Novice: 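I am attaching a structure below and will ask some questions about it afterwards.
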4 protein chains.
Amino acid sequence: MTPSARPLRADALRNRALIVDAARRLFAERGLDVTLHDVADAAGVGVGTVYRRFPDKDALLGGLVAAKYEALVELAEKASTEATGRDGLRRYLMSTMELRAGDRSLSTAVLRAAPQTEEATELRARLAAAMTALVARAQAEGAVRRGFSPDDVPAVTSMIGSIADRTREESPGAWRRYAELLLDAVCPPDGDLPPLSGEPLAPPTPGVCRSRP
Amino acid sequence: MTPSARPLRADALRNRALIVDAARRLFAERGLDVTLHDVADAAGVGVGTVYRRFPDKDALLGGLVAAKYEALVELAEKASTEATGRDGLRRYLMSTMELRAGDRSLSTAVLRAAPQTEEATELRARLAAAMTALVARAQAEGAVRRGFSPDDVPAVTSMIGSIADRTREESPGAWRRYAELLLDAVCPPDGDLPPLSGEPLAPPTPGVCRSRP
Amino acid sequence: MTPSARPLRADALRNRALIVDAARRLFAERGLDVTLHDVADAAGVGVGTVYRRFPDKDALLGGLVAAKYEALVELAEKASTEATGRDGLRRYLMSTMELRAGDRSLSTAVLRAAPQTEEATELRARLAAAMTALVARAQAEGAVRRGFSPDDVPAVTSMIGSIADRTREESPGAWRRYAELLLDAVCPPDGDLPPLSGEPLAPPTPGVCRSRP
Amino acid sequence: MTPSARPLRADALRNRALIVDAARRLFAERGLDVTLHDVADAAGVGVGTVYRRFPDKDALLGGLVAAKYEALVELAEKASTEATGRDGLRRYLMSTMELRAGDRSLSTAVLRAAPQTEEATELRARLAAAMTALVARAQAEGAVRRGFSPDDVPAVTSMIGSIADRTREESPGAWRRYAELLLDAVCPPDGDLPPLSGEPLAPPTPGVCRSRP
DNA sequence: CATGAATGAGCGTTCATTCAT
DNA sequence: AATGAATGAACGCTCATTCAT
């Protein structure tokens with residue numbers, strides 16, 4: 001059950017990497033409804049090649065999941081080095097929201113999905129532990145909204161994700177304003193709340209179309 | 001042969017209303033992925049009739065906005081009767097989020113969409129005015145997060161919508177916990193913040209399916 | 001559960017007939033592995049039209065089944081009018097084999113398949129009854145190989161079918177020789193057995209290809 | 001650079017043998033729809049190697065014929081040692097049908113295919129001679145259905161094959177009943193015909209799946 | 001020579017949209 | 001005007017065959 005078999009040939013490895021890169025990029029940009037044809041085209045290979053490496057779409061997605069968990073765990077672990085629980089939690093939440101803002105598939109594939117592999121399950125457990133510690137430490141400082149649970153993190157991140165997904169094209173950083181709002185709601189900064197940074201989303205102007213979700 | 005739209009025949013008007021009603025219901029319940037066949041069936045007309053009235057799906061969505069704007073305006077106007085600016089804004093935000101939680105298409109059709117008709121443009125203006133007043137009054141009381149703009153309301157509502165859409169099936173009221181969090185972030189209650197109500201979303205358990213968005 | 005709804009429009013009826021005709025022809029000629037694209041092309045319609053009338057391939061096939069059962073029942077009932085049990089059974093077997101020789105899908109869709117609709121189940125029962133009667137009557141005359149059962153008819157027919165399918169192109173009537181052989185085995189003629197009619201299948205000559213099943 | 005095929009290298013020969021062995025086994029068990037990937041895997045070589053030796057699937061099938069002819073010739077020669085022509089022919093037919101019942105690809109590869117190599121052509125000639133002798137001897141005893149030709153043997157065997165292929169899973173010996181029927185039709189036993197042995201194939205029961213051929 | 005990675009047409013099926021009736 | 005039949009590109013996926021390594 002180890003990766004096993006013999007290592008892939010050089011060109012196969014290269015193509016696998018191309019596929020994974022293309023998939024990561026497309027899923028991040030456009031969410032889960034990209035087709036494997038799209039992925040194959042973006043990778044510069046035929047569909048068959050994608051299916052040779054990944055039995056189906058979920059498997060391809062699943063192949064990206066471990067790396068995403070790792071990134072989240074790393075964010076959590078880096079955040080724990082902050083001097084205060086407050087700063088640690090704030091840093092973690094902000095960096096996680098940032099990761100999600102850049103990756104449309106993070107919620108569906110990772111935050112809201114059950115881990116499908118042993119590796120993912122283990123990473124998720126590590127992540128959960130780290131988040132619990134971050135929240136507990138900040139809680140001990142009285143820095144967190146009472147009742148807030150580590151299990152609320154995915155919801156908060158997803159909310160920011162939904163804004164980010166909708167505004168990526170027209171104003172890529174717009175999500176930060178709402179991230180700040182949420183962050184301050186969960187774990188307010190030490191002193192007074194500053195005014196919200198950035199600008200609100202401009203309401204759409206009459207007559208211009210919008211279309212697809 | 002008159003230059004612009006001549007009034008519709010009586011039966012055409014009736015059909016338009018049937019279509020709009022059915023669309024409102026289906027889009028609210030099942031989101032944007034209902035087919036226009038579904039809408040036509042629910043309205044008791046043929047697909048062709050739907051397409052005769054609305055060039056495409058987006059236009060049909062657009063056809064719903066007037067009613068939705070009206071509902072929002074009504075909420076805003078009711079909210080203005082509250083004794084304080086704080087209560088008025090809180091009530092408005094909460095009721096808007098509630099409306100959105102019950103209507104999967106509210107964001108796309110109204111919050112994020114430009115008004116396409118004169119009627120919609122006008123209603124949107126009334127709504128904007130009401131929201132501005134609500135925010136200004138609360139702002140004057142120092143009850144609002146500094147920098148918060150009436151233009152932020154759609155974003156806040158959308159965030160709750162994204163949570164509500166994802167949890168409608170398994171735990172229909174789950175969005176309230178996050179609505180409370182956001183509401184308190186925008187316009188905190190008078191005294192101390194209470195602990196968050198409700199429970200966080202349970203994380204998915206390993207081994208369960210992933211599948212389609 | 002009756003055919004119900006309102007009758008189809010004239011053009012839809014015509015297309016439905018075109019589809020059914022094309023399907024009947026193609027399935028008969030080429031067996032079950034024709035694609036619905038092939039059927040659609042042969043019918044001169046788009047694939048979508050086929051799927052509008054028949055939810056899937058099995059349904060299309062199923063739509064042909066009733067007519068096939070009817071044909072078989074009719075053969076059985078005509079055969080029962082023969083003066084003797086021997087002649088009746090011989091006539092029935094021969095005509096059934098003939099039907100099968102002309103229709104590549106008869107075995108899979110009817111003879112070896114379970115009936116899927118009420119109508120088909122009923123027709124199958126009628127057919128079974130008629131076959132039982134035919135065999136019993138011939139049996140009473142001592143005209144049938146001992147131990148032969150009505151349930152053996154599909155097997156016998158299928159065997160002839162397999163020969164017919166393989167020889168349809170090069171020598172369309174070749175199956176008759178083997179039909180005779182089988183028929184005489186099941187229910188020998190009254191007098192002496194005549195020599196086999198026709199010619200054996202010429203063995204393939206060296207060097208010529210054959211290919212697909 | 002010699003005009004025609006130069007002898008293969010030792011390892012190439014070994015691979016060819018591995019491929020042919022694997023192909024024989026898989027085609028016999030699972031029929032013609034095994035993929036060449038399956039064959040390659042079972043042989044422990046790459047697909048490319050299979051295609052290097054055999055231009056396509058048909059050619060690979062062709063590569064199996066020699067061994068199959070040898071088996072048939074052996075059956076024919078053993079059968080000739082029987083005391084009577086009747087017994088010889090009956091034994092030959094029965095053993096050939098048995099061979100076919102155990103080998104899904106025998107018909108396509110041998111019975112219906114033209115020999116493609118010199119070796120195959122020669123073996124086929126030997127087989128034809130042996131069959132002719134068997135039939136002639138039995139014919140001389142009056143033991144054979146008049147008109148029956150050695151060229152009819154493949155057809156008879158194929159018919160049994162078609163039954164065997166369809167029933168292998170559910171009732172592996174079911175073909176014997178029909179083999180007996182055919183055998184008695186071609187070359188009846190010495191005394192009275194016994195009742196058919198075994199049971200007829202049970203008709204499929206309503207409501208069970210249909211699906212793929 | 002051997003390998004297995006790569007290909008892409010084709011499978012059964014869906015659905016937003018068009019157009020003959 | 002209203003209908004719903006018709007369309008066909010696109011979906012996720014398979015596999016016989018080719019060709020770079």
Side-chain angles (χ1 to χ4, degrees), chain A residues 5-6 8-16 19 33-40 43-58 60, chain B residues 8-13 15-16 33-41 44-58 60 212, chain C residues 5-6 8-16 19 33-40 43-58 60, chain D residues 8-12 15 33-41 44-58 60 212:
Chain A
R6 90 190 73 177
L8 284 143
R9 238 165 56 183
D11 56 339
L13 262 181
R14 204 202 56 229
N15 274 338
R16 188 182 209 287
I19 291 166
D33 52 356
V34 297
T35 74
L36 291 207
H37 262 104
D38 291 342
V39 173
V45 304
V47 241
T49 307
V50 179
Y51 279 95
R52 156 171 281 271
R53 295 283 157 248
F54 303 95
D56 60 16
K57 203 178 180 178
D58 282 351
L60 175 52
Chain B
L8 287 149
R9 253 168 42 182
D11 56 342
L13 261 181
N15 275 341
R16 191 182 206 288
D33 51 357
V34 298
T35 74
L36 290 205
H37 257 107
D38 292 340
V39 173
D41 286 353
V45 304
V47 241
T49 307
V50 179
Y51 276 93
R52 162 165 293 274
R53 292 287 154 246
F54 305 94
D56 60 15
K57 216 177 188 177
D58 284 348
L60 174 53
R212 306 295 115 239
Chain C
R6 91 191 70 178
L8 285 144
R9 238 165 56 185
D11 56 340
L13 262 182
R14 203 203 55 228
N15 274 337
R16 189 182 207 287
I19 291 166
D33 52 357
V34 298
T35 75
L36 291 206
H37 263 103
D38 290 342
V39 173
V45 303
V47 241
T49 307
V50 178
Y51 278 94
R52 158 170 281 272
R53 295 285 158 244
F54 303 94
D56 61 16
K57 203 178 178 179
D58 282 350
L60 174 51
Chain D
L8 289 148
R9 251 169 43 181
D11 57 341
N15 274 340
D33 51 357
V34 297
T35 74
L36 290 204
H37 257 106
D38 291 340
V39 173
D41 286 352
V45 304
V47 242
T49 309
V50 178
Y51 275 93
R52 162 164 292 274
R53 293 286 154 247
F54 304 95
D56 62 14
K57 216 179 190 176
D58 284 348
L60 174 53
R212 306 294 119 239

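Protein chains get the first letters and strands the later ones, always in sequence-line order, with residue 1 at the start of each. Just so we're clear, the structure is a prediction, and the values are computed from it rather than from any experiment.
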Novice: If you find the nucleotide of DNA chain F closest to A:D56 and the one closest to D:V47, which residue's nucleotide is nearer the 5' end?
Specialist: A:D56

Novice: Please report the distance, rounded to the nearest Å, between NZ in A:K57 and C1' in F:dT14.
Specialist: 17 Å

Novice: Indicate yes or no for a side-chain donor-acceptor contact from C:K57 to the backbone of C:V34 under 3.5 Å, with no hydrogens or angles considered.
Specialist: yes

Novice: Expressed in angstrom and rounded to an integer, what is the separation of C:L60 atom CG from E:dT13 atom C1'?
Specialist: 14 Å

Novice: I need the CG-C1' distance between A:D11 and E:dA2, as an integer number of Å.
Specialist: 15 Å

Novice: Between A:R52 (CZ) and E:dA5 (P), how many Å, whole number?
Specialist: 4 Å

Novice: What's the spacing between A:R16 CZ and A:D11 CG if we round to 0.5 Å?
Specialist: 14.0 Å

Novice: Return the value, rounded to whole Å, for the distance between atom CZ of C:R53 and atom P of E:dT13.
Specialist: 17 Å

Novice: For the atom pair CZ (A:F54) and CG (A:L36), what is the distance rounded to the nearest 0.5 Å?
Specialist: 10.0 Å

Novice: Here's a test of your reading of the structure: between C:V34 and B:V34, which maps to the more 5' nucleotide of DNA chain E?
Specialist: C:V34

Novice: Check step by step if side-chain contact (heavy atoms from CB on, under 4.5 Å) holds for C:I19 and C:L60.
Specialist: CA-CA 9 Å; C:I19 291 166; C:L60 174 51; 4.3 Å; yes

Novice: Whole-Å distance between F:dT7 C1' and C:I19 CD1?
Specialist: 12 Å

Novice: What is the separation between atom NE2 on B:H37 and atom P on E:dA16, rounded to the nearest whole Å?
Specialist: 9 Å

Novice: Does any non-hydrogen side-chain atom of B:V47 lie less than 4.5 Å from one of B:T35?
Specialist: no

Novice: Counting Watson-Crick and G-U wobble pairs only, both distances under 3.5 Å, name the nucleotide matched with E:dT21, or none.
Specialist: F:dA2

Novice: Hey, is the side chain of D:N15 poking within less than 4.0 Å of OP1 or OP2 on E:dC1, counting only N and O atoms?
Specialist: no

Novice: Tell me which nucleotide, if any, is Watson-Crick or G-U wobble paired with E:dT7 when both distances must be under 3.5 Å.
Specialist: F:dA16

Novice: Please state how far atom CG in B:D38 lies from atom P in E:dT17, giving the value in whole angstrom units.
Specialist: 14 Å

Novice: Name the closest nucleotide to the C:L36 side chain, picking from E:dT13, F:dA5, F:dA1.
Specialist: E:dT13

Novice: For F:dT7, take OP1 and OP2 only and decide whether either is under 4.0 Å from a side-chain N or O of C:T49.
Specialist: yes

Novice: Take A:V50 and B:G48, find for each the nucleotide of DNA chain E with the closest heavy atom, and name the residue whose nucleotide sits nearer the 5' end.
Specialist: A:V50

Novice: Tell me whether the side-chain N/O atoms of C:Y51 come closer than 4.0 Å to OP1 or OP2 in E:dT13.
Specialist: yes

